[in-house]
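This structure is in structure tokens; I'll ask about it shortly.
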Amino acid sequence: MNIRFYPYTLELKRPFALSAGSRTTTPAMMVEVELEGTVGYGEASMPPYLGETAETAANFLSKIDLTAYSSPVALETMLRYVDGVAPGNNAAKTAVDIALHDWFGKKRGAPLYRLWGLSLSTIPATSMTIGIGTREAVRRSVEDAVGFNVLKVKLGGENDRGMIESVREVTDIPIRVDVNQGWKDRESALRMIEWLSTKGVEFVEQPLPKDRPGDTAWLRARSPLPLIADESVVRLADLPRALGVFDGVNIKLMKSTGLGEAYRMMTAARALGMKVMVGCMTETSCAVSAAAQLSPLADYADLDGALLIRNDPFTGAAFAGGRIMPAEGPGIGATRL
Ligand code: MG
């Protein structure tokens with residue numbers, strides 16, 4: 001099997017603001033694997049705060065040698081090999097994982113969700129993200145979110161109550177809140193969550209810094225709303241530490257090293273009695289289509305990543321009826337334009 005890769009810059013439709021800062025582009029690395037005339041597509045999306053860059057991804061991917069692998073592909077063996085090439089590099093590993101899964105599904109002529117025995121009927125509604133901004137910017141974003149039945153509002157900035165009030169001036173649909181570790185004090189976090197619970201908020205994602213599990217457990221014991229881990233849980237090995245600290249976990253391909261481990265995280269989280277969310281970074285329809293294949297296993301979905309960029313080089317999973325639905329094509333169900 002051959003592998004090739006090239007950098008790509010995702011151009012955001014709007015500057016993306018959250019508690020850690022604002023940006024207008026996201027660096028990505030596209031990966032293709034090819035064997036017997038079938039091409040599998042994958043993608044690494046690398047928001048700067050996660051520490052990977054086009055350089056680190058190219059350096060990692062240049063070490064990947066798949067020439068020893070031939071059909072039928074031993075997918076699990078290959079994923080273990082990729083994971084062992086170097087530590088870290090989670091998004092770059094994800095790009096290879098997605099491409100291998102895509103190739104695997106294409107050779108079997110079916111979308112991955114069907115190969116996994118999943119049903120489209122259990123795909124949950126997806127949320128549209130509302131970034132931190134002025135009252136006018138928030139109102140505009142909410143008015144743009146046509147067809148969505150739930151919003152994900154970024155908090156942890158200077159004016160959290162104002163953000164929620166701005167949304168509520170426009171719509172009364174359910175809100176999910178993502179603080180991105182932005183609250184620093186557990187007492188004021190609890191007071192804010194108590195207020196949020198009167199504003200039609202479903203849950204709060206990553207309210208406190210990831211290195212504060214004790215304070216987060218304290219908060220969870222008193223919080224009227226469920227707490228969902230994002231930054232605190234990257235890979236499968238992090239999951240046991242979230243038990244008793246969070247009510248659920250936001251699983252993202254770019255954190256988990258790909259579909260293989262994300263699938264295991266979803267089943268493990270459910271076995272531990274935790275809620276399961278499938279999320280994404282700003283990504284093209286390549287990685288979002290891959291995540292959509294897993295979404296029948298989730299309680300909550302946040303797969304708006306491809307809707308936030310204006311230079312999507314793929315078509316695939318599409319927004320319909322408030323949900324991101326996989327395309328019917330084989331593998332990840334994405335087509336290169
Ligand atoms: Mg988050």
Side-chain angles (χ1 to χ4, degrees), residues 10 12-18 26 45 113 120-157 160 162-180 196-197 199-206 225-226 228 230 248 250-253 275-285 287-310 312 314-327 333-334:
L10 311 179
L12 310 187
K13 288 178 184 168
R14 292 228 170 96
F16 193 66
L18 38 71
T26 302
S45 170
Y113 79 84
L120 297 183
S121 67
T122 62
I123 291 182
T126 206
S127 50
M128 171 55 100
T129 301
I130 309 297
I132 292 173
T134 63
R135 181 161 172 264
E136 263 322 295
V138 168
R139 288 179 59 110
R140 235 183 1 255
S141 297
V142 174
E143 283 162 358
D144 281 355
V146 176
F148 285 83
N149 301 314
V150 58
L151 299 174
K152 176 162 165 174
V153 179
K154 296 286 192 180
L155 295 188
D160 286 348
M163 285 283 301
I164 298 297
E165 284 162 353
S166 300
V167 173
R168 282 290 172 250
E169 286 172 12
V170 188
T171 181
D172 58 3
I173 64 174
I175 292 174
R176 297 160 183 176
V177 158
D178 187 0
V179 188
N180 289 109
L196 290 171
S197 72
K199 299 293 172 188
V201 172
E202 288 185 333
F203 61 71
V204 177
E205 191 177 317
Q206 198 69 43
L225 296 178
I228 306 292
D230 184 0
N250 185 353
I251 294 165
K252 298 176 180 173
L253 297 185
K275 291 288 189 186
V276 173
M277 177 171 178
V278 60
C280 63
M281 310 295 179
T282 46
E283 297 166 0
T284 77
S285 285
V288 169
S289 295
Q293 301 287 332
L294 281 173
S295 62
L297 287 168
D299 300 294
Y300 313 113
D302 178 31
L303 295 178
D304 62 352
L307 303 174
L308 305 177
I309 67 169
R310 59 168 162 232
D312 192 345
F314 288 87
T315 58
F319 184 66
R323 309 189 291 167
I324 296 284
M325 303 301 286

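On a predicted model such as this, the values are computed, not experimentally measured, just so you know.
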Is the backbone N or O of T129 less than 3.5 Å from a side-chain atom of K154, with the two atoms forming a donor-acceptor pair by type? no
Validation row: V153, V201 side chains within 4.5 angstrom (heavy atoms): no
Closest contact, heavy atoms only, L307 versus K13: O-NZ, 2.8 Å
Listing request: all ring pair (Phe, Tyr, Trp, His ring centres under 6.0 Å) pairs with a residue in residues 123-143, at least two apart in sequence or in separate chains. none
Taking the side chain as everything from C-beta on, heavy atoms only, tell me whether P124 gets closer than 4.5 Å to V278. no
Can you check whether P296's main-chain N or O pairs, donor with acceptor, with T122's side chain at less than 3.5 Å? yes
Can you check side chain to side chain contact (heavy atoms under 4.5 Å, CB included) on L308 and M128, steps first, answer last? CA-CA 9 Å; L308 305 177; M128 171 55 100; 3.9 Å; yes
Cationic N near anionic O, under 4.0 Å, E169 to R139: yes
Separation between NZ of K152 and CZ of R176, rounded to the nearest 0.5 Å: 8.5 Å
Measure the shortest side-chain to side-chain distance between L10 and S45 over non-hydrogen atoms and say whether it is less than 4.5 angstrom. yes
Side chain to side chain, S285 and T315, heavy atoms closer than 4.5 Å: no
Show the numbers, then the answer: is there a side chain to side chain contact (heavy atoms under 4.5 Å, CB included) between R168 and I175? CA-CA 9 Å; R168 282 290 172 250; I175 292 174; 3.5 Å; yes
What are the two closest non-hydrogen atoms of S295 and I324, and how far apart are they? OG-O, 4.4 Å
Taking it one step at a time, do D144 and R14 satisfy side chain to side chain contact (heavy atoms under 4.5 Å, CB included)? CA-CA 12 Å; D144 281 355; R14 292 228 170 96; 2.5 Å; yes
Please determine which of V177, D304, V167 meets the side chain to side chain contact (heavy atoms under 4.5 Å, CB included) test together with L151. V167
Could you check N250 against D178 for side chain to side chain contact (heavy atoms under 4.5 Å, CB included), going step by step and ending with a plain yes or no? CA-CA 11 Å; N250 185 353; D178 187 0; 5.7 Å; no
Which heavy atom of A317 sits nearest to which heavy atom of S289, and what is that distance? N-OG, 2.9 Å
Donor-acceptor contact below 3.5 Å, side chain Q293 vs main chain Y113: yes
Can you tell me how the ring of F319 sits relative to the ring of F148, calling it parallel under 30°, perpendicular over 60° and tilted otherwise? parallel
Which heavy atom of L303 sits nearest a heavy atom of T126, and at what distance? N-OG1, 2.8 Å
Donor-acceptor pair, distance only, cut-off 3.5 Å: does the side chain of D230 make one with the backbone of E205? no
Kindly indicate whether the side chain of F203, heavy atoms from C-beta on, has any atom under 4.5 Å from the side chain of K275. no
Sidechain-backbone polar pair: D299 side chain, V276 backbone, donor-acceptor under 3.5 Å: yes
Salt bridge present between D302 and K252 (N-O < 4.0 angstrom): no
If I compare all heavy atoms of S166 with all of R135, which pair ends up nearest, and what's the gap? OG-CG, 3.4 Å
Should V138 and V142 count as side-chain neighbours, where that means a heavy-atom distance under 4.5 Å? yes
How close do L120 and R323 get, heavy atom to heavy atom, and via which atoms? O-NH1, 3.2 Å
Answer yes or no: is there a donor N or O on one side and an acceptor on the other, between the side chain of T284 and the main chain of D312, under 3.5 Å? no
State the CG-NZ distance between D172 and K199, to the nearest 0.5 angstrom. 12.5 Å
Can you tell me if S141 uses its side chain to pair, donor with acceptor, with the backbone of I130 under 3.5 Å? no
